[in-house]
Amino acid sequence: MAVIKIHERDNVAVVIDKVSKGEVVKVGSCSVIALDDIDQGHKIALYDIEQGENVIKYGFPIGHATTHIKAGQWVHSHNLKTNLGELTEYEYTPRLSDVKVAEECGTFRGFIREGDKVGIRNEIWIIPTVSCVNRNAELIAKISKERFKGVKNLDGIYELTHPYGCSQLGQDQLNTQKILANLVNHPNAGGVLVLGLGCENNNVDEFKKVLGKYNSDRVKFLVAQEVEDEIEAGVGLIEELVEYVSQFERQDCPVSKLVVGLKCGGSDGFSGITANPLVGSFSDKLISCGGSTVLTEVPEMFGAETILMNRAISREVFDKIVKMINDFKEYFMSYNQPIYENPSPGNKKGGITTLEEKSLGCVQKGGTSNVVDVLDYGDVVKNSGLSLLTGPGNDMVASTVLAAAGCHLILFTTGRGTPLGTAVPTIKISTNANLYNRKSNWIDFDAGRLLSGETMEKLTSELMRYVINVASGEKSKAEKMGFKEIAIFKNGVTL
């Protein structure tokens, strides 16, 4: 199979194996002679496409031809341009899917927390209120890891450093506080040390106002300026947390308790054919078991947003999606930046030309389930089912906001590869087998097998089993490498 035509209405096909100029390409009853050498993941025209005519992929326009394109020609940035413009008015045209309830869903081995919460890790997190004490947090973690190595039921001690917490105003400071507070409250953390400096805007007293109620056995606070040796004092507090955390043991928990984040990065021409549809199938299956998934990366919904809008369970949810989309467009416009300045160079090299094309692939991670809620940046998941979350496309910022929203783990699809890992287990799913085999130290799961005959049903079941294993304690590749980072969205001034 040299190429694949995704939808019956498409006038382009995706090259599976590199096509050479002069090679005959067949798709069903359609046969064309390649007029260019075309790399895998890129598009070949199946029919003549007139200048100004829409190029169709996934059954939707992904832009228009900027010149006459002959059947057999390579279709990419040199002859295809986006149709996207500025703000758009939308109409609510519900196309809701039937809610499916799975009969058998199974369990995973998690940690029961207060307030009916469940965690999939029993870790201790050191969270600085301000960047000034990042290095102190790293030293406390380094000493504590060595001192408390091998403690029963303890899954690790980690510092979650960041560049903010001072010289911020208004919404920026609140965003920092909300993300950090959500991480303090995350059920994957059995215990937390909040480390402050003392003179920062986001000092411990101010941070506690956003944090709200907390268990003093589980959350400890240390202000570096108020003690003689903050490293020694910090390790002492970690020792108290170790004693508390070691009391928790893994127990059987229903799959319905899982909250899974959906993310993609470094996409290629196969993303919308393999990995993203596979994650969408997983999302539908988890939701049928009563679980929850969260889709973010708002700019990578542009051009495909109506698909999600029409799956909103109510007019209220529809209006929230419209606001989320237009607010993010206005954010771009406020900086005089084009709304459609995407895909990235890596995406283009992998075969993606326009933002519509990328978005139509990206939103497939949300499967076919109805959209039950829309969350602002820094909000936490409230409803079972599929939620949309305000966040940018940037890999680390988007992964962090998913973790802060309460996701136990993240399914991260990629066609280019990335070693990234955030505060929660980050499972990398490759779009093609070459990437999986070449970067086996990064990639956890190969969705490229869909191109070689594996069925969606089989791979969905396999991915579900793997997720349950990770939720029960098996480490993702990023965890094995010790990668655990966060990044916080910033918009305003720095003092």
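Side chains are part of it too, since the values below use all heavy atoms of this structure and drop only hydrogens, waters and symmetry mates. This structure is a prediction, so every number in the text was calculated from the model and none was measured.
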For [X], I'd like to know if atom [atom1] has over 12 heavy atoms of other residues, nucleotides or ligands within 6.0 Å.
{"X": "Lys208", "atom1": "NZ", "result": "yes"}
{"X": "Arg438", "atom1": "CZ", "result": "yes"}
{"X": "Asp116", "atom1": "CG", "result": "no"}

Check [X] against [Y] and note the closest heavy-atom contact, atom names and distance.
{"X": "Phe302", "Y": "Ser359", "answer": "O-OG, 2.6 Å"}
{"X": "Leu262", "Y": "Thr293", "answer": "CD1-CB, 3.9 Å"}
{"X": "Asn347", "Y": "Lys358", "answer": "OD1-NZ, 2.7 Å"}
{"X": "Gly165", "Y": "Glu200", "answer": "O-CB, 3.7 Å"}
{"X": "Arg250", "Y": "Ala471", "answer": "NH1-O, 3.2 Å"}

Are Arg121 and Glu479 close enough, and set up right, to give a salt bridge (Lys or Arg N to Asp or Glu O under 4.0 Å), and what steps lead you there? CA-CA 11 Å; Arg121 294 291 180 269; Glu479 287 181 287; 2.9 Å; yes
Please list, one pair per line, the donor and acceptor atoms closer than 3.5 Å that link side chains of residues 381-392 to other protein atoms, with sequence neighbours excluded.
unit_1 : atom_1 : unit_2 : atom_2 : d
Asn383 : ND2    : Asp373 : OD2    : 3.3
Thr390 : OG1    : Leu375 : O      : 3.2

If you measure from the Lys or Arg side-chain nitrogens to the Asp or Glu carboxylate oxygens, is any gap between Lys480 and Glu474 under 4.0 Å?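 No salt bridge links Lys480 with Glu474.
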Ionic contact status for Glu123 with Lys484, cut-off 4.0 Å: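 Counted as a salt bridge, because a side-chain N and a carboxylate O are separated by less than 4.0 Å.
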Residues that Tyr436 engages under ring pair (Phe, Tyr, Trp, His ring centres under 6.0 Å), provided they are two or more places apart: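 Not a single residue meets the ring pair (Phe, Tyr, Trp, His ring centres under 6.0 Å) criterion with Tyr436.
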Among pairs that include at least one residue of residues 470-495, which meet ring pair (Phe, Tyr, Trp, His ring centres under 6.0 Å), considering only residues two or more places apart or in two chains?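 Residue pairs passing ring pair (Phe, Tyr, Trp, His ring centres under 6.0 Å), neighbours aside: Tyr331-Phe489, Tyr377-Phe489.
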Got a sec, which residues hit side-chain hydrogen bond (donor to acceptor under 3.5 Å, both in side chains) with Thr161, two or more places apart in sequence or on another chain?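 With neighbours one apart ignored, the set is empty.
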Is there a donor in the side chain of [X] and an acceptor in the side chain of [Y], or the other way round, less than 3.5 Å apart?
{"X": "Arg113", "Y": "Asn122", "value": "yes"}
{"X": "Asn215", "Y": "Glu114", "value": "yes"}
{"X": "Asn276", "Y": "Ser271", "value": "no"}
{"X": "Ser399", "Y": "Thr422", "value": "no"}
{"X": "Lys477", "Y": "Asn441", "value": "no"}

Does [X] reach the main-chain N or O of [Y] with its side chain, forming a donor-acceptor pair under 3.5 Å?
{"X": "His408", "Y": "Val118", "value": "yes"}
{"X": "Asn394", "Y": "Val397", "value": "yes"}
{"X": "Asp284", "Y": "Ser369", "value": "yes"}

Under the criterion side-chain contact (heavy atoms from CB on, under 4.5 Å), I'd like the reasoning laid out for Lys220 against Leu241: C-alpha separation, chi angles, the key distance, then a yes or no. CA-CA 8 Å; Lys220 305 293 183 181; Leu241 290 172; 3.7 Å; yes
Acceptor/donor pairs from residues 221-238 side chains to any protein atom, 3.5 angstrom cut, sequence neighbours excluded:
unit_1 : atom_1 : unit_2 : atom_2 : d
Asp229 : OD1    : Ile231 : N      : 3.0
Asp229 : OD1    : Glu232 : N      : 3.1
Glu230 : OE2    : Asn136 : ND2    : 2.7

Tell me which pairs pass disulfide bond (SG atoms under 2.5 Å apart) where either residue lies in residues 192-290, with sequence neighbours left out.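 Sorted result for residues 192-290: Cys105-Cys289.
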State, yes or no, whether a side-chain contact exists between Thr426 and Leu409 at a heavy-atom distance under 4.5 Å.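 They are not in side-chain contact.
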Sole candidate of Asp268, Asn437, Thr274 that passes side chain to side chain donor-acceptor pair (under 3.5 Å) when paired with Asn432: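 The side chain to side chain donor-acceptor pair (under 3.5 Å) with Asn432 is passed solely by Asp268 among Asp268, Asn437, Thr274.
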